[in-house]
Amino acid sequence: MMHNALKRLSQHQFVLGWLLGGLVFRCIIAFWFYPGIDEAYYYVYSLHLDWSYFDHPVLVALTTGFGTWITGEVSQFTIRLGPLILYTGSLLLLYLTSTHLFNTKAARLTLAIATIIPIFKIGFGVLTLPDSPLIFFWSASLLCAAYEFFPVIGKHSREKLSSKPNSLYYNTPHPKPHTLTPIYGSYRPSYRLALLGILVGLACLGKYHGFVLGLGLVGFCLTSPRHRCALLSPWAWLGLILFIITIFPIWYWNIQHDWISFTFHLSTRFKPEPEVPQQGYNWLNVLVIVLSGIAYLFPTMALPMWWVSLRSLLAQFTGYSKTSKLESRLILWVSLPLVVGFTLLAGYHQILPTWPMPGFWGISLLLGQQAQQWQMPSPLGGHKVPSRRWVNRWLKGSAIAIASLLLFVLLHITTGTLQKSGHYALLGGFVSPKDDPSTELIDIQQLRQGFAESPVLSEALQKSSFVFSNGYYISGIVAMAISPLTSTPITCLGEDMRGFMVWFQPEQWLGKDGLYVTLERFQELTDSYRAYFQDMQEIGTVPIRRAGAVTEVFHVYWATKMVKPYPS
């Protein structure tokens with residue numbers, strides 16, 4: 001009994017170690033990493049709370065605003081408090097799902113894999129993006145689905161697959177209980193289908209990817225004769241009703257705004273640019289997305305993920321699998337539609353490499369189970385499988401390489417270690433600030449300080465009726481910088497206004513004085529705004545420095561009395 005208690009304690013220590021260790025590492029990145037373009041824009045979401053938004057559903061506004069509301073501070077760290085906490089919960093939910101579907105050993109390996117992968121760590125667990133609430137409720141939905149579709153009545157080991165239920169094995173404690181595999185009872189639809197409707201709805205409130213999750217669960221039931229009865233059960237219909245109620249903020253807001261969010265995501269953003277020649281399907285773009293995804297996942301993790309996905313998919317048709325076909329089928333149905341769908345979509349239209357990433361989150365369950373299989377000797381005594389030492393080296397080596405690379409990138413972004421003419425440059429530096437894409441990340445503390453220390457800019461902030469820029473992401477950066485200094489509203493007047501075209505009406509600034517803030521590379525656009533005001537005069541600049549060198553300059557203009565609405 002004492003031995004079993006120590007075993008359970010060590011398992012808990014392992015899980016807590018990975019969860020807390022990963023949280024500390026992510027907190028370090030969150031504290032020092034300057035806010036991204038989208039993050040600053042989502043901060044403006046939290047200033048305009050609504051049922052939903054032009055780009056995304058409501059939850060990203062709540063997760064972004066959470067830290068600023070409870071601390072009263074606006075910084076890159078506080079806007080990321082929500083994702084930092086949610087991702088820790090997502091990892092725990094993923095661990096519990098693997099424990100239920102497979103065993104504790106596989107779950108521990110899955111937890112390690114999901115903690116190590118860089119795009120998961122940063123994209124889901126540090127940056128305040130819609131992916132953070134999406135992955136949390138995605139994980140909760142998958143756990144609920146695992147308990148619903150695979151009710152456990154006992155456990156057996158892989159070596160005992162042929163044993164009968166009344167054998168001595170089932171009455172004797174197993175020497176390695178963490179390697180036992182669940183025995184599932186007959187399926188009967190339960191109340192969890194109703195709960196699943198709520199959880200999938202909450203995933204949709206995180207990001208529209210959640211709808212694909214719901215369709216994947218339906219696809220699993222349709223292709224599993226054992227679970228097909230779930231679709232016609234009263235619990236499923238109740239779940240559908242609860243799903244519709246849960247996504248009320250999405251359809252209510254879209255009804256009020258002519259369905260512009262759905263139109264944007266399903267049509268507008270995929271329309272070709274005017275006067276750009278039409279091209280056929282481009283397989284090269286598909287290859288680029290695949291290679292970009294491998295880089296985001298890190299090759300030592302991405303290549304095994306692709307391999308285990310294809311292997312598990314093939315097993316669904318060949319009948320050969322070292323894991324249960326139904327377990328794998330559930331995971332594949334909620335994962336591959338996103339991975340394959342967005343990858344193939346890249347041949348028609350440019351997409352972001354991050355769009356398929358939530359699909360790989362589910363595939364980490366399959367890789368964790370496969371890693372556990374690698375550690376087990378072949379039951380047939382045939383080919384030699386990788387040993388426990390090999391798997392440990394694979395995980396430790398990947399973790400060290402990824403952590404070192406991330407910290408080096410963070411060091412360069414904050415201190416300019418690769419920057420020419422920088423105080424901390426290695427070997428004199430390798431890239432000039434103007435050619436360094438990392439300079440697009442702005443230190444909002446410097447921008448805030450520039451406004452605060454300039455009497456002219458401080459006075460202009462207080463006198464102006466509104467602040468505006470030519471880009472929605474620039475408005476987000478400026479909003480984060482000036483929020484503690486003034487309550488003056490900030491908007492965007494440009495070709496791509498995103499949510500600002502909903503939050504403000506063009507006519508409301510007529511006759512009022514504004515403050516125009518832009519980056520140096522967009523100064524030539526200033527003349528395009530002069531027709532909308534009686535006069536525009538530059539009143540100051542705010543240089544942003546890194547390692548002693550100026551990497552960006554903000555130009556500030558006083559715009560006197562708006563004479564016509566923008567656009568006109």
Side-chain angles (χ1 to χ4, degrees), residues 35-69 74 78-83 86 123-124 127-138 200-214 243-270 351-352 354-355 358 466-480 483 489-506 508:
I37 290 174
D38 289 335
E39 290 185 287
Y41 172 54
Y42 297 143
Y43 167 71
V44 186
Y45 274 30
S46 67
L47 302 179
H48 300 277
L49 290 180
D50 206 342
W51 289 104
S52 191
Y53 297 90
F54 175 82
D55 314 74
H56 298 290
V58 66
L59 288 186
V60 67
L62 303 182
T63 55
T64 305
F66 171 76
T68 62
W69 297 331
V74 178
T78 57
I79 66 172
R80 294 166 176 161
L81 277 178
L86 278 184
F124 302 161
L127 305 181
T128 179
L129 300 173
D131 301 83
S132 179
L134 167 73
I135 289 300
F136 179 81
F137 289 110
W138 187 294
V200 173
L202 290 171
C204 293
L205 292 183
K207 198 173 184 178
Y208 291 131
H209 284 53
F211 287 100
V212 182
L213 169 64
F243 170 78
I244 295 173
I245 294 174
T246 303
I247 63 170
F248 167 81
I250 294 177
W251 55 263
Y252 177 72
W253 185 90
N254 273 275
I255 287 175
Q256 292 182 316
H257 296 87
D258 297 324
W259 302 96
I260 58 172
S261 184
F262 287 156
T263 302
F264 171 71
H265 284 287
L266 297 177
S267 176
T268 306
R269 73 184 310 161
F270 297 113
I351 71 166
L352 296 177
T354 55
W355 289 1
F466 66 104
V467 180
F468 70 99
S469 80
N470 57 285
Y472 70 91
Y473 62 94
I474 302 175
S475 295
I477 292 170
V478 175
M480 288 189 65
S483 286
I490 182 166
T491 187
C492 168
L493 304 180
E495 293 182 359
D496 188 359
M497 297 169 62
R498 299 293 175 102
F500 291 101
M501 66 181 178
V502 176
W503 299 326
F504 301 104
Q505 298 302 315
Q508 71 182 87

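What you see below is based on every heavy atom in this structure, not just the backbone, and it leaves out hydrogens, waters and symmetry mates.
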Can you name the closest pair of heavy atoms from [X] and [Y] and give their distance?
X: Phe243; Y: Cys204; result: CE1-SG, 3.8 Å
X: Arg498; Y: Phe264; result: CZ-CZ, 4.2 Å
X: Gly201; Y: Thr246; result: C-CG2, 3.6 Å
X: Pro249; Y: Ser52; result: O-CB, 3.7 Å
X: Asp258; Y: Thr263; result: O-OG1, 4.4 Å
X: Asp55; Y: Gly499; result: OD1-N, 4.1 Å

Please examine the side chains of [Y] and [X], heavy atoms only from C-beta on, and report whether any two atoms are closer than 4.5 Å.
X: Phe54; Y: Phe500; result: no
X: Phe504; Y: Pro489; result: yes
X: Trp503; Y: Val44; result: yes
X: Leu62; Y: Trp69; result: yes
X: Pro35; Y: Ile477; result: no
X: Met480; Y: Ile79; result: yes
X: Trp138; Y: Asp131; result: no
X: Asn470; Y: Cys492; result: no

Out of curiosity, [X] [atom1] to [Y] [atom2], how far, rounded to the nearest 0.5 Å?
X: Ile247; Y: Tyr252; atom1: CD1; atom2: OH; answer: 15.5 Å
X: Leu81; Y: Leu86; atom1: CG; atom2: CG; answer: 11.0 Å
X: Phe66; Y: Thr63; atom1: CZ; atom2: OG1; answer: 10.0 Å

Inset, instruction - Check whether the side chains of Thr64 and Ser46 place a donor and an acceptor atom closer than 3.5 Å, and report yes or no. - result: no

Legend entry - Test item: side-chain donor near acceptor, Thr68 and Tyr43, under 3.5 Å: no

Legend entry - Tyr472 and Tyr41 aromatic ring geometry - parallel, tilted or perpendicular at 30°/60° bounds: perpendicular

Inset, instruction - Just do the side-chain contact (heavy atoms from CB on, under 4.5 Å) check on Thr491 and Phe466 with the steps written out, would you? - result: CA-CA 7 Å; Thr491 187; Phe466 66 104; 4.2 Å; yes

Inset, instruction - Start with the C-alpha distance between His56 and Tyr42, add both sets of side-chain angles, then the distance that settles side chain to side chain donor-acceptor pair (under 3.5 Å), and finish with yes or no. - result: CA-CA 10 Å; His56 298 290; Tyr42 297 143; 3.0 Å; yes

Do side-chain atoms of [X] reach the backbone of [Y] as a donor and acceptor pair under 3.5 angstrom?
X: Thr128; Y: Glu39; answer: no
X: Ser132; Y: Leu129; answer: no
X: His48; Y: Tyr53; answer: no
X: Gln256; Y: Trp253; answer: no

Inset, instruction - Please identify each residue that fulfils side-chain contact (heavy atoms from CB on, under 4.5 Å) with Asn254, with sequence neighbours left out. - result: Tyr208, Ile250, Trp259, Ser261, Phe262

Inset, instruction - Could I get the full list of side-chain contact (heavy atoms from CB on, under 4.5 Å) partners for Ile244, not counting sequence neighbours? - result: Leu240, Trp251

Inset, instruction - Applying side chain to side chain donor-acceptor pair (under 3.5 Å), run through Asp50 and Tyr45 and close with a yes or a no. - result: CA-CA 8 Å; Asp50 206 342; Tyr45 274 30; over 6 Å; no

Legend entry - Val478 vs Phe468, side-chain contact (heavy atoms from CB on, under 4.5 Å): CA-CA, chis, key distance, verdict: CA-CA 9 Å; Val478 175; Phe468 70 99; over 6 Å; no

